[in-house]
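Worksheet for the structure shown next.
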Amino acid sequence: MKKLLRGGFVVTPRGSRRADVLLDGEKIAQVGHISPAEAKSAEVTDVSGCYLFPGFIDAHTHFDLDVCNTTTADDFASGTRSAIRGGTTTIIDFACPNKGETLAYGLDLWHKKADGKCSCDYGFHMTIDDWNEGIEAELDDMFAAGITSFKMYMTYPAMMLPDGDLYRALKALKARGGICGVHCENSGVIDALVAEKKAKGENAVSCHPQTRPDYLEAEAVGRILRIAQAAEAPVVIVHTTNAAALSEIDQARARGQVVYSETCPQYLALDDSVYYQEDWLSSAKFVCSPPIRKKSDQDALWAGLKEGRVNTVSTDHCSFTTQQKLAGQGDFTTIPGGLPGVETRGEVVYTTGVAAGRIDLPTLCRALSENPAKLYGLYPRKGCIAPGADADIVVYDPAADHTLHAADMVSRCDYTPFEGFRTSGSIAAVYLRGMPAVENGVVRDVMGEYLKRGKCAL
Ligand code: URP
Ligand code: ZN
Ligand code: ZN
């Protein structure tokens, strides 16, 4: 039976308007005035007073990832349930072969982790942490498998590539129409700063942000953008955290380069005071790389988002329980790095962005839905409410304020960085390809599909 969502405001990147939405099976059939005859044959749900967003896309998650001698708290089952609870109908996770393993092995491993377990649709980026003829020869197979985006690291010894290999890989990806996200931090200087802290016997959680300052992120952003200039290749700067890094992106664009920028809710809504709490564990919960920055950096990121210089807001969901964070007590460099966020992104960014007057609804729609869909080859199947698109819809009730508590969440992580945060409004319902996936806060059993993605269209 068809479904009719009646009385809502459909949000698009060009504005929001009062419109009914007719779903036919997995697809959106009609948007606007639905004739009484059509309405008669449909199951009608009253969504008056609510905003209807295209299903949110989180293009940066790490589920079931072995890292720091442990495994993330959320696997694909709990992570995607958590995602859909938060309005995310598509995630793109990072398949991550170890150095020495083939891309095919990494892809197969990620399918084994995810297939048959997901509550939302999913795709994979491929991590390139080795560069040689064998890896290059595998790229065409990756594109054939629907992997059109990749990630490289300028830090983390187990994953980083030297500048020459970054250049060669960007060139090879450009030749095939692929794009690459890059984790930008200056590894060598960070290691030296860490060694100095250790030599002085300093081990507070605050050593983490102090040894990974904003300017060492900005240096790496500037460097990869010059490498990309040489390769004549586009780049996605993932998890952009600060004003100096954003300024490097602005400069590269002014030179004519194609650069995309992603940030995350923790960089928009939190500041580095989280690392200076009295209790060690309270601070350790916020350890992620790059670290959370200053209020002035938040302002720069919000301005960037508003002006379209920051293109997407993903989460970098990489969750560890408080018990797992405790493993780093004797050495700040061994605190597992990463935060949960996939369940809270929509409400946190709506609240701190739209309700606070920093951005408007179309900008939110662009950052959470349309831009990631275009950037990662999913548009117009995903990322818009239009006839023919997948019926992925978030029903957002702007009047249903509530308080976020980890205890109420479906993620396996036992804390949220937004504990006690008062939201403006809430996600009332979520549809995944026409299936009611969340109703009254309860996640229904729906099965996500693997998405073979096309090329970047942003
Ligand atoms: O600390 C973080 N962000 N961990 C996740 C991996 C990454 O660098 O994106
Ligand atoms: Zn990263
Ligand atoms: Zn990440």
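This one's a predicted model, so the numbers in the text were calculated from it and none came from an experiment. Whatever order the structure lists them in is the order used to number ligands and atoms, beginning at 1.
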Between Thr423 (side chain) and Gly425 (backbone), is there a donor-acceptor pair under 3.5 Å? yes
When you measure from the centre of the six-membered ring of Tyr379, is the NZ or CZ of Lys374 closer than 6.0 Å and no more than 45° off the axis? yes
For Lys294, run the side chain to side chain donor-acceptor pair (under 3.5 Å) check against Thr241, Asp214, Asp272 and tell me which one passes. Asp272
Atoms (protein N, O or S; no water) under 2.8 Å from the Zn ion (ligand 3): 3
Is any NZ, NE, NH1 or NH2 atom of the basic residue among Glu307 and Arg253 found under 4.0 Å from an Asp or Glu carboxylate oxygen of the other? no
Under a 3.5 Å distance rule, please check whether Asn98 uses its side chain to pair with a backbone N or O of Glu101 as donor and acceptor. no
Checking side chain to side chain donor-acceptor pair (under 3.5 Å) against His62, which of Thr72, Asp93, Thr315, Asp316 comes through? Asp316
Taking side chain to side chain donor-acceptor pair (under 3.5 Å) as the cut-off, I'd like each qualifying pair that reaches into residues 137-146, sequence neighbours left out, listed once. Asp140-Arg176
Classify the angle between the aromatic ring planes of Tyr51 and Tyr350 as parallel (below 30°), tilted (30 to 60°) or perpendicular (above 60°). tilted
Contact residues of ligand 1, where a non-hydrogen atom lies under 4.0 Å away: His60, His62, Lys151, Tyr153, Tyr156, His183, His239, Cys288, Ser289, Asp316, Cys318, Gly337, Gly338
Which residue pairs satisfy the ring pair (Phe, Tyr, Trp, His ring centres under 6.0 Å) criterion with at least one member in residues 186-207, sequence neighbours excluded? none
